[in-house]
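The structure under discussion appears below in the form of structure tokens.
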Amino acid sequence: MEFDDLQPMNPAQLREVFRRGEWTDTTAGLAPQYLQGNLVVLAGGLADDFREFCRVNPRPCPLVDVTETGSVEFPSAPGSNYCTDVPKYRVLRAGEAVEFPMDISEHHRDDMVGFLLGCSFTFEAALVEAGVPVRHIEARRTVPMYRTSVECTPVGRFSGPVVMSLRAIPEHLVDRAAEIAASMPQAHGAPMHIGDPAEIGVDLNFPDFGGDPVIEPGDVPMFWGCGVTPQEVARQSRLDMITHFPGAMFITDTRVG
């Protein structure tokens, strides 16, 4: 199946495609009028602390939906199953990625809780509509993501660095891009850093996740909080966690804009 085949589909249709294992790549640019989310699945003993972690770190971890304990269905996507409805997953054991399946049903337990964190893919449609180029979508790549020197506010066993996603924006459109994103706090909101990547410990040539950056002359690096942050937190804190594969999101039925 090609990307162009997916673009006309609504969220339920896309989740069905993912459930059948027919698409395992990025969801950037798909269902642009609907909220996409970063998936985190945790055993119940960690769920309360993670909810609080999201509350005190809203820029990288804007919490938009939570399942009931043991349920695989998000209220924002009736009929969904988070074990099958993401293109690709990462299974972390003591913080280390041990498996990259397309279905996590065999890992599900009755004490697990699913969380969805807002995704910056959500505001990209608004950027494009406003005439702001989104380079990785134009290049059909996954957005570049970087482990930064900025630290999250720790809660319980959750501590670690903020991961940020990069969009290189023409200088004359930087303020417009920041304004548009700031209007969508459920999708990470305003950028966390603009300008010199070295100030946040980043070398643009070496993304930690996603694709290589696409930067044109006159572009300014803009960095947004990223929902891959919990994966880095799990790595540093040596926690068990199941997540989406970076760039391969859960797509809800919630409209944005």
Side-chain angles (χ1 to χ4, degrees), residues 2-7 23-36 38 59-62 87 117-151 161-229 231-232 244-249 256-257:
E2 300 296 326
F3 183 85
D4 289 344
D5 298 325
L6 302 178
Q7 284 191 302
W23 183 258
T24 60
D25 207 339
T26 181
T27 56
L30 298 178
Q33 301 305 316
Y34 294 87
L35 184 68
Q36 296 199 28
N38 301 268
R59 300 281 285 284
C61 300
L117 312 180
C119 173
S120 54
F121 289 177
T122 297
F123 66 69
E124 290 176 343
L127 293 183
V128 172
E129 187 175 345
V132 179
V134 180
R135 306 288 190 204
H136 65 272
I137 292 180
E138 293 173 348
R140 298 286 175 86
R141 298 181 187 176
T142 302
V143 64
M145 294 161 269
Y146 299 85
R147 185 185 301 117
T148 73
S149 57
V150 180
E151 289 290 315
V162 175
V163 175
M164 298 188 196
S165 60
L166 166 73
R167 287 158 191 83
I169 302 296
E171 184 174 11
H172 70 284
L173 293 172
V174 165
D175 289 345
R176 181 63 176 142
E179 178 186 16
I180 290 169
S183 71
M184 299 183 180
Q186 80 278 23
H188 299 294
M192 294 187 71
H193 182 72
I194 300 173
D196 186 359
E199 293 180 1
I200 55 172
V202 164
D203 183 336
L204 290 182
N205 294 313
F206 299 101
D208 296 290
F209 307 95
D212 292 332
V214 182
I215 303 174
E216 301 292 342
D219 283 354
V220 175
M222 299 182 69
F223 294 88
W224 277 265
C226 178
V228 173
T229 296
Q231 301 185 30
E232 276 302 293
H244 66 292
F245 192 85
M249 304 297 171
V256 295

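Model, not experiment: these values are computed from the prediction. Quick note: numbers below take in every heavy atom, side chains included, and nothing from hydrogens, waters or symmetry partners.
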### Residue pair P60 / M192: nearest heavy atoms and the distance that separates them
CD-SD, 4.4 Å
### Message
Are more than 12 heavy atoms, taken from residues, nucleotides or ligands other than D175, located less than 6.0 Å from that residue's CG atom?
### Response
no
### Heavy-atom side-chain proximity of P213 to Y146 below 4.5 angstrom
yes
### Message
For a side chain to side chain contact (heavy atoms under 4.5 Å, CB included) check, start with the C-alpha distance between S120 and R167, then their side-chain angles and the critical distance, and finish with the verdict.
### Response
CA-CA 10 Å; S120 54; R167 287 158 191 83; 2.6 Å; yes
### Query
Just wondering, are more than 12 heavy atoms of other shown residues or ligands nearer than 6.0 Å to CD in Q7?
yes
### Query
Do you know which two heavy atoms are closest between T148 and V202, and how far apart they sit?
CG2-CG2, 4.0 Å
### Query
Do D5 and W23 come close enough that some side-chain heavy atom pair is under 4.5 Å?
no
### Query
Within the distance-only criterion (no hydrogens, no angle test), does the side chain of R141 pair as donor or acceptor with the backbone N or O of G210 below 3.5 angstrom?
no
### Least distance between heavy atoms, G195 atom then V220 atom
N-CG1, 4.2 Å
### Shortest non-hydrogen separation from A28 to E124 and the atoms involved
CB-OE1, 4.3 Å
#### Entry: OG1 on T26 to CD1 on I137, rounded to 0.5 Å
8.0 Å
### Query
Once you round to the nearest 0.5 Å, how far does CG of L166 lie from CG of L204?
6.0 Å
### Task
Check whether any side-chain N or O of N38 sits under 3.5 Å from a backbone N or O of G118 as a donor-acceptor pair, and report yes or no.
yes
### For the student: nearest non-hydrogen atoms of D208 and R147, plus distance
OD2-N, 2.7 Å
### Message
Please report the interatomic distance CG(L6) to OG1(T27), rounded to the nearest 0.5 Å.
### Response
10.5 Å
### Message
Can you give me the closest heavy-atom contact between A126 and M184, atom names plus distance?
### Response
CB-CE, 3.7 Å
### Query
Do the rings of F223 and H193 sit parallel, tilted or perpendicular, given the 30° and 60° boundaries?
tilted
